[in-house]
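Report on one structure; see the data block that follows.
We name chains A, B, ... by the order of the sequence lines, and we start the count at 1 in each one.
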Amino acid sequence: MPELPEVETTRRGIAPRLTGQQVCTITVREPRLRWPVPESVSRQLPGQPILAVERRGKYLLARTPGGTLLLHLGMSGSLRFTHPDDPWRTHDHVELRLEDGGALRFNDPRRFGALLWTTDDPACHPLLAGLGPEPLSEAFSADYLQQRARGRRMAIKPLLMDGRIVVGVGNIYASEALFRAGIRPTRAAGRIAAARFPLLVEAIRDVLEAAIEAGGTTLRDFHNGEGKPGYFGRQIQVYGRAGQPCLSCGGPVKSARLGQRSTFWCPGCQR
DNA sequence: ACTGGCTCCTGAGGGC
DNA sequence: TGCCCTCAGGAGCCAG
């Protein structure tokens, strides 16, 4: 489900209510997520006030004085505020009871998500330490991307989806950004002309910013902390549109599998 | 160092 | 209605 815009939308949805509030109890109904939910979360999180809710790539970080809760939504995870008395839904795996009497529940049908705890600097956590720059930061520049693409024979699309190169760009937004930049997803990363990198970096930024602005993309069931969908789907130009006319040139949108992921592009507009 | 392929899991949707 | 197949927005891990 969630790429950077959806995770950021989730963060913005939950941060105002969580920040400054204490976590009273945590209930782990189903610890079998991507990795087992560690005992340390249940031991150390209760009683801690949440100082801030941050995001690094697609990870959410809830900081407390005693440690940081690391949360990844995987493909199908979501967070939702509820009342503690509300019946548990299928795939509600974890609940945080809050000082204000409410609760935050983590729901994840596919259980590719993760909930971890670290008492160290989260930036040094094994899952975060090797991550590339944030795409909306200055560190993600045309020069940087060109340098990382140099000599690589891998297609540009899977390269953009590699978190060690740049974080947060998933399957939808990689296709959309490449369409906007006029670059074929199958083009070898190392064979992209230098002059095209500024365009590509700008396209990635633009598409992510527009998606955050719209509250994310709801293809199936994404919703923010209040249960509302995202509206970026209306601005999608190629993703999921195989065989339909390109919104720019009218030719048919093509699709193929690239690195085990479905990929969409317009052969007329993208070279 | 790169590359491509496999894997975890449940659910939805299409074809028959 | 039911069965079987394919696919799904992530990403760590492995062999070659």
Among [options], the one nearest [X] by side-chain distance:
{"X": "A/K58", "options": "B/dG11, C/dA11, C/dG9", "value": "C/dA11"}
{"X": "A/S262", "options": "C/dA8, C/dG10, B/dG11", "value": "C/dA8"}
{"X": "A/R110", "options": "C/dA8, B/dC6, C/dG10", "value": "C/dA8"}
{"X": "A/R257", "options": "C/dC7, B/dG5, B/dG11", "value": "C/dC7"}

*A/F112 on top of C/dA11's base, within under 5.5 Å and under 30°?*
no
In this structure, how many angstroms lie between the [atom2] atom of [N] and the [atom1] atom of [X], rounded?
{"X": "A/R261", "N": "C/dG9", "atom1": "CZ", "atom2": "P", "answer": "5 Å"}
{"X": "A/L127", "N": "C/dG10", "atom1": "CG", "atom2": "C1'", "answer": "12 Å"}
{"X": "A/L73", "N": "B/dC9", "atom1": "CG", "atom2": "C1'", "answer": "16 Å"}
{"X": "A/R32", "N": "B/dT7", "atom1": "CZ", "atom2": "P", "answer": "19 Å"}
{"X": "A/L128", "N": "C/dA11", "atom1": "CG", "atom2": "P", "answer": "11 Å"}
{"X": "A/L33", "N": "C/dG10", "atom1": "CG", "atom2": "P", "answer": "18 Å"}
{"X": "A/H93", "N": "B/dC8", "atom1": "NE2", "atom2": "C1'", "answer": "13 Å"}
{"X": "A/Y59", "N": "C/dA11", "atom1": "OH", "atom2": "P", "answer": "6 Å"}

*Between A/Y239 and C/dG9, is there a side-chain N or O to OP1/OP2 distance below 4.0 Å?*
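Yes, A/Y239 has a side-chain N/O under 4.0 Å of OP1/OP2 on C/dG9.
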_Less than 4.0 angstrom between a side-chain N/O of A/H72 and OP1 or OP2 of C/dG12, yes or no?_
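Looking at the OP1 and OP2 atoms of C/dG12, neither is under 4.0 Å from any side-chain N or O of A/H72.
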_Suppose we call two aromatic rings close when their centres sit under 6.0 Å apart. Are A/F232 and A/Y173 close by that rule?_
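Centroid separation for A/F232 and A/Y173: below 6.0 Å.
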*Please answer whether the main-chain N or O of A/E99 pairs with a side-chain N or O of A/Q21 as donor and acceptor at a distance below 3.5 Å.*
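Yes, A/Q21 side chain to A/E99 backbone: donor-acceptor pair under 3.5 Å.
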*Answer yes when A/R11 and A/E8 have at least one side-chain N-carboxylate O distance shorter than 4.0 Å, and no when they do not.*
yes
_Shared hydrophobic cluster, A/I50 / A/F81 (ILVMFWY, side-chain heavy atoms < 4.5 Å)_ = yes
*When clusters are formed by joining ILVMFWY residues with side-chain heavy atoms under 4.5 Å apart, either directly or through shared neighbours, do A/L33 and A/V28 land in the same one?*
yes
*Where do A/N171 and A/M161 land on the side-chain contact (heavy atoms from CB on, under 4.5 Å) test, with the steps shown first?*
CA-CA 7 Å; A/N171 204 31; A/M161 292 173 63; 3.8 Å; yes
*Mind checking the P distance from C/dT6 to B/dC6? Whole angstroms is fine.*
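After rounding to an integer number of Å, I get 14 Å for this pair.
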_No-H, no-angle donor-acceptor pair, A/R111 side chain to B/dC9 base, under 3.5 Å_ = no
_4.5 Å side-chain heavy-atom contact, A/H91 and A/N107_ = yes
*Looking at residues 152-166 of chain A, who's got a heavy atom less than 4.0 Å off DNA chain B?*
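Only A/R152, A/R153, A/M154 qualify.
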*With ILVMFWY side chains joined below 4.5 Å, transitively, what does A/W35's cluster contain besides itself?*
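Other cluster members: A/Y59, A/L61, A/L70, A/L116, A/L127, A/L128, A/L131, A/V167.
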*asked:* Determine whether A/R56 and A/H125 satisfy the following criterion, side-chain contact (heavy atoms from CB on, under 4.5 Å), listing intermediate values before the conclusion.
replied: CA-CA 12 Å; A/R56 175 75 176 103; A/H125 190 278; over 6 Å; no
*asked:* Using a heavy-atom cut-off of 4.0 Å across all strands, would you classify A/R34 as base, sugar-phosphate, or nothing?
replied: base
_side-chain contact (heavy atoms from CB on, under 4.5 Å), that's the test. Do A/R241 and A/L247 meet it? Break it down for me._
CA-CA 10 Å; A/R241 297 193 62 246; A/L247 300 175; 3.7 Å; yes
*Name the stems with DNA chain C in them: runs of three or more consecutive Watson-Crick or G-U pairs, distances under 3.5 Å?*
B:2-8 with C:10-16, B:10-16 with C:2-8
